[in-house]
Amino acid sequence: MKRFFKIFLSLAVVAGVVAGWIVWSNRTFEETFYLMDSGKVEEPMRLILLSDLHQKEFGPGNERLLERVQALKPDAILIAGDVVNKTKTDWSYAVDLCKGLVEIAPVYYGMGNHENEALYGQDLNKEFLEEKAALLGDSPEDFRPLLQDGQSWNALLETGAQLLQNSSVTVDIKGNTIQLGGLSTNKSSFWPYSGQFVYQFAGENPSAFKILISHRPEPVMEYIPDYDIDLVVSGHNHGGIIRVPGAGGLVSEEEGLFPTYDGGWYESGGMSLLISRGLGGHGPVPRVFNKPELIVLDIE
Amino acid sequence: MYYVLKYYKYVLIGVSVLLLAAGSLAILGRFQRGGVKGLALEYRTFRGKWSMVPLILAVLLLNLFLIPAGERLHTSAGITLNYHLASQGLNPNGTRFNQTHILSTQVLERAVERGALEGVTAADLKRTLQVRPAVQGSSASEDAYFISSQFVLEYNADRNTVGQDGEKLLTLVTQEYQKWFINEYSANTDILKLDFSPAEGQDYLDQSSFLKKTAESIGEYMRNMSSEEAAFRSSVNGETFQSMSAKAYAVSNTLVEDLEAYILENGVSVDAKQYIDRLNIANVFLDFDARKASASNENTLEAVALYADDMARIVLVPTYDTGEQFYMSQTRIGVDDFAASADSYANKKTELNEQMAKNRHVITQFSGRGGRGTDKKAETLVDQIQQELLRVAQQAKELVEEYNAQQANSYMTVVVYALEDRAKRLVVEIAALTALFAAGAQVSWFAVGGRRKGARIA
């Protein structure tokens with residue numbers, strides 16, 4: 001009995017150490033650098049992509065994260081959604097983060113499914129939107145009439161971050177004309193609740209460099225793989241949560257086991273898709289062999 | 001920490017082997033006495049056979065952390081040159097390829113700056129990075145001689161860089177090198193950024209010659225690009241470098257000629273009197289030069305007549321042609337040079353006379369006009385030409401950029417080998433080293449416990 005207790009204790013120590021290591025490895029983040037060439041960009045510019053923080057803090061008030069973002073000197077910061085959690089939503093977390101980021105560079109914030117659930121009471125899936133069709137009226141792609149938490153939306157707007165939800169802005173970044181759009185519906189509700197916006201976004205202003213922030217990569221690859229959009233940035237799949245050496249991400253909510261779009265750089269026709277492995281997580285399964293990721297993209 | 005990570009594996013192997021050897025020697029006597037059967041019986045009754053489990057698990061834990069961390073001290077990247085001249089050891093423009101450019105200070109400093117790396121300098125990177133051909137040939141014989149177009153960039157951390165992420169460092173360095181290489185060897189489109197401001201406010205004839213030169217520079221640039229890759233065709237508008245060159249020259253030969261004809265025909269000038277004065281002065285100097293060229297031409301012709309019979313006309317030099325065939329090459333010397341000089345002076349004289357004649361024609365056309373100010377039609381024509389040149393330059397730029405994207409951007413392929421790629425080998429290594437240690441620990445413990453029979457054996 002004593003012998004088995006010893007072995008059990010040893011295994012418990014091993015498990016404890018491994019758990020400690022997992023926790024520690026999720027408290028730091030790594031930076032991944034990408035380089036993109038485009039004829040539409042005259043002056044080199046740097047974008048930083050943050051995604052899937054899920055209210056995770058890197059230092060008090062995200063001090064370490066903000067310090068690194070500042071050190072990397074971005075010309076614009078893109079947020080690909082899920083900054084907050086759908087449960088125990090803390091909007092002050094997102095507001096404080098945006099305030100800190102806006103001081104470094106202009107922030108363009110695309111909503112994720114967690115923001116949608118917190119703002120509208122549900123994710124923007126087809127059943128929900130069809131149910132609320134009467135409220136949407138003639139503008140099925142404008143979800144503002146469905147807002148349950150307009151105060152938080154306004155608080156985010158007041159930080160100076162540009163919120164993009166089925167909307168786009170054309171901005172000048174270092175003399176380059178950049179058109180940024182945000183898509184936050186899922187595959188089921190893409191038509192008719194986002195498709196028209198994306199179609200117009202792709203069709204107008206052909207000389208501008210176009211970036212679409214789509215929290216989920218799947219609707220993009222399913223419906224618009226050959227649209228005239230230069231770059232799509234996404235997150236959502238958390239790198240497959242557990243990285244299996246040699247096989248990539250293990251699981252994602254949308255794709256199941258061994259997802260195709262678990263993170264990294266993908267090409268589709270003339271469009272590039274950059275998927276972040278995210279910076280945080282939610283749910284009981286921790287990220288394993290999958291360090292939180294901050295993406296630095298230089299476009300020249 | 002650096003030394004722990006660097007030497008941990010070797011210390012573990014040493015300790016394991018030592019334990020295994022010492023333990024084996026210690027139980028050898030018992031093996032000789034009781035044979036395998038006796039030893040197996042002894043082991044079955046050995047009470048301490050599970051005692052080593054906590055220690056083995058502890059070593060397994062250490063292995064799980066320290067072996068991958070030690071592996072992170074060494075990272076490598078593969079750089080493959082894809083253009084056809086690479087196999088001859090040359091850059092895309094035919095100059096000698098130099099692998100040390102990968103580790104040039106310029107590249108490394110940019111990598112440090114771009115990554116906002118803290119506590120790492122370009123000098124640190126230079127110390128920890130090595131580049132070598134992936135396949136090394138030998139110059140001992142022609143058969144063994146091989147020029148590699150693949151290179152391996154290795155990062156071996158030292159005490160100063162032990163906390164850095166090797167994959168990130170190699171990504172930054174290789175990306176910066178790629179940028180540098182493409183910038184150095186791809187076509188530059190700066191010449192296609194047109195600026196008409198130097199000609200603003202000048203007289204129409206000067207504006208006309210400025211526009212002509214601009215059109216010809218685009219045409220010449222496209223012609224040079226065509227000689228590099230004549231077959232390249234734009235997937236967007238179907239243009240080739242040759243067709244773009246023709247378009248640019250067409251602007252010069254039609255639109256600019258039309259403008260010039262209009263100016264001369266109508267004596268259009270912002271200030272005709274001043275322009276005539278300028279041309280008169282220019283003709284005085286041109287006349288001096290023409291006379292000088294004429295005198296030089298006569299002198300050299302005289303020299304040819306005087307020395308032709310006394311100077312060797314040809315010298316034959318033994319040599320090989322490109323097909324490695326022997327032949328006697330005829331070398332130009334003496335009077336040939338005089339004759340060539342005479343020809344050159346004659347051409348110069350003709351050219352100067354033509355210029356003077358042209359100036360005189362302009363003077364005749366402008367005489368008596370004395371117009372001062374702008375001419376609407378001339379302004380419109382200038383504007384049309386500028387618009388057309390901007391259009392042609394834009395098309396040419398798109399063509400070059402497409403060429404760069406397809407050709408220059410594929411000059412090289414870089415792969416940074418991630419730790420994840422080495423995962424299978426690491427798992428095997430961790431398992432093997434843990435098993436080796438477990439064997440050593442168990443054998444030595446059995447040997448020690450076996451001797452204390454009273455306490456350990458039931």
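So that the names make sense, note that chain A is the first sequence line, chain B the second, and so on, each numbered from 1.
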(Q) What residues of residues 163-182 of chain B make heavy-atom contacts with chain A at a cutoff under 4.5 angstrom? (A) B:Asp165, B:Lys168, B:Thr171, B:Leu172, B:Gln175, B:Lys179
Q | Within 6.0 Å of CD in A:Glu204, more than 12 heavy atoms from elsewhere | A | yes
Q: Please determine if B:Lys397 and A:Glu42 form a salt bridge, counting it only when a charged side-chain N lies under 4.0 Å from a carboxylate O.
A: yes
Q.
Need one label for A:Val17: side chain, backbone, both or neither, based on atoms under 4.5 Å from any heavy atom in chain B.
A. both
Q | Choice from B:Val53, B:Leu61, B:Leu60 maximising heavy atom contacts with chain A below 4.5 Å | A | B:Leu61
Q.
Taking CD in B:Glu113 as the centre, count heavy atoms belonging to other residues, nucleotides or ligands within less than 6.0 Å. Is the count above 12?
A. no
Q) Are more than 12 heavy atoms from other residues, nucleotides or ligands located less than 6.0 Å from atom NZ of A:Lys73? A) no
Q.
Quick check on the interface: out of A:Asp37, A:Val244, A:Leu35, who has the most heavy-atom pairs with chain B under 4.5 Å?
A. A:Leu35
Q) Taking the side chain from B:Arg114 and the backbone from A:Leu72, do they hold a donor-acceptor pair closer than 3.5 Å? A) no
Q.
When you compare the side chain of B:Leu57 with that of A:Leu11, does any pair of heavy atoms fall below 4.5 Å?
A. yes
Q: Would you check, one step at a time, whether the test salt bridge (charged side-chain N to carboxylate O under 4.0 Å, His left out) holds for B:Glu118 with A:Arg68?
A: CA-CA 10 Å; B:Glu118 288 164 359; A:Arg68 270 315 281 168; 3.3 Å; yes
Q. How far apart are the closest heavy atoms of A:Ala71 and B:Ala116, and which atoms are they?
A. O-CB, 3.3 Å
(Q) Please enumerate all residues that pass salt bridge (charged side-chain N to carboxylate O under 4.0 Å, His left out) together with A:Arg27, with sequence neighbours excluded. (A) none
Q | Heavy atoms from other residues, nucleotides or ligands near OH of A:Tyr199 exceed 12 (cutoff 6.0 Å) | A | no
